Amino acid sequence: MQPTFFDYALQYQGGKKTDSFLSQIKQFIPYKEIVKKLIEVGIYKPNEGQQGRPSIRAEILIGALILQSFYGLSDPMTEELIHDRISFRKFLDIHEEDDIPDETTICKFRNALIREGLLEWIFELVKSKIDEKGLIVNKGTIVDATIIHSPEPKKRRLSDGTIKKSAYDS
């Protein structure tokens, strides 16, 4: 099968700090151990060979929660940034044919982990793997900036004859 532009972008795009950070952190996440535990407790059921819509891979869902933790993201913002950022897709090993979890799926997955007492276990496990290597991870922030146009402030003439444009003028 010939690689698509999407495959090319995922494989060769690089040089960003985010991409470098995520590729380094990714190696410390014990996905096999976590997925095995999720299957044991019944939170995740791989549907290999079954009919119906395929489930989103557990690694993608776990990775989405880790991205949320690192960057302080809400469920809707996580979904949006997974769609938007190549570095997030690379971190999650999302391929063109993979479904991207929507905000409801992320929320339901997190709530199931909380109910079973596994969310804290996952983060402690990942943290211990990072600590073993002597690394320190500081949480980052992604700013969602929106420009809002506001009307010009009204000018007021003060008793001394000066003109004040806004409450912020001294």
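Only this structure's heavy atoms are used, side chains among them; waters, hydrogens and symmetry mates stay out. Being a predicted model, the structure only gives us computed values, none of them experimental.
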[X] to [Y] - nearest heavy-atom pair and separation:
X    : Y    : answer
L119 : I114 : CD2-CG1, 3.7 Å
G42  : K45  : O-NZ, 3.5 Å
K129 : F28  : CB-O, 3.2 Å
E79  : P101 : CG-O, 3.7 Å
H83  : R89  : O-NH2, 3.2 Å
L38  : A58  : CD1-CB, 4.5 Å

- Task: Please say whether more than 12 non-hydrogen atoms of neighbouring residues, nucleotides or ligands are located less than 6.0 Å from NZ in K26.
- Result: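 For K26, atom NZ is crowded (more than 12 foreign heavy atoms under 6.0 Å).
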- Item | E59 CD to L92 CG distance, which is reported to the nearest 0.5 Å |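 Those atoms lie 10.5 Å apart.
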- Note on the structure: Rounded to the nearest 0.5 angstrom, the CD1-OG1 distance for I56 and T105 is 5.0 Å
- Message: Check this for me: does any side-chain nitrogen of one of D93 and R57 sit under 4.0 Å from a carboxylate oxygen of the other?
- Response: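 Result for this pair is no, no salt bridge flagged.
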- Message: Could you check, using the six-membered ring where one of them is a Trp, whether F70 and F91 have ring centers closer than 6.0 angstrom?
- Response: no
- Query: For L65 and Q68, what are the C-alpha separation, side-chain angles and deciding distance, and is it a side-chain contact (heavy atoms from CB on, under 4.5 Å)?
  - Reply: CA-CA 5 Å; L65 295 177; Q68 283 185 319; 3.3 Å; yes
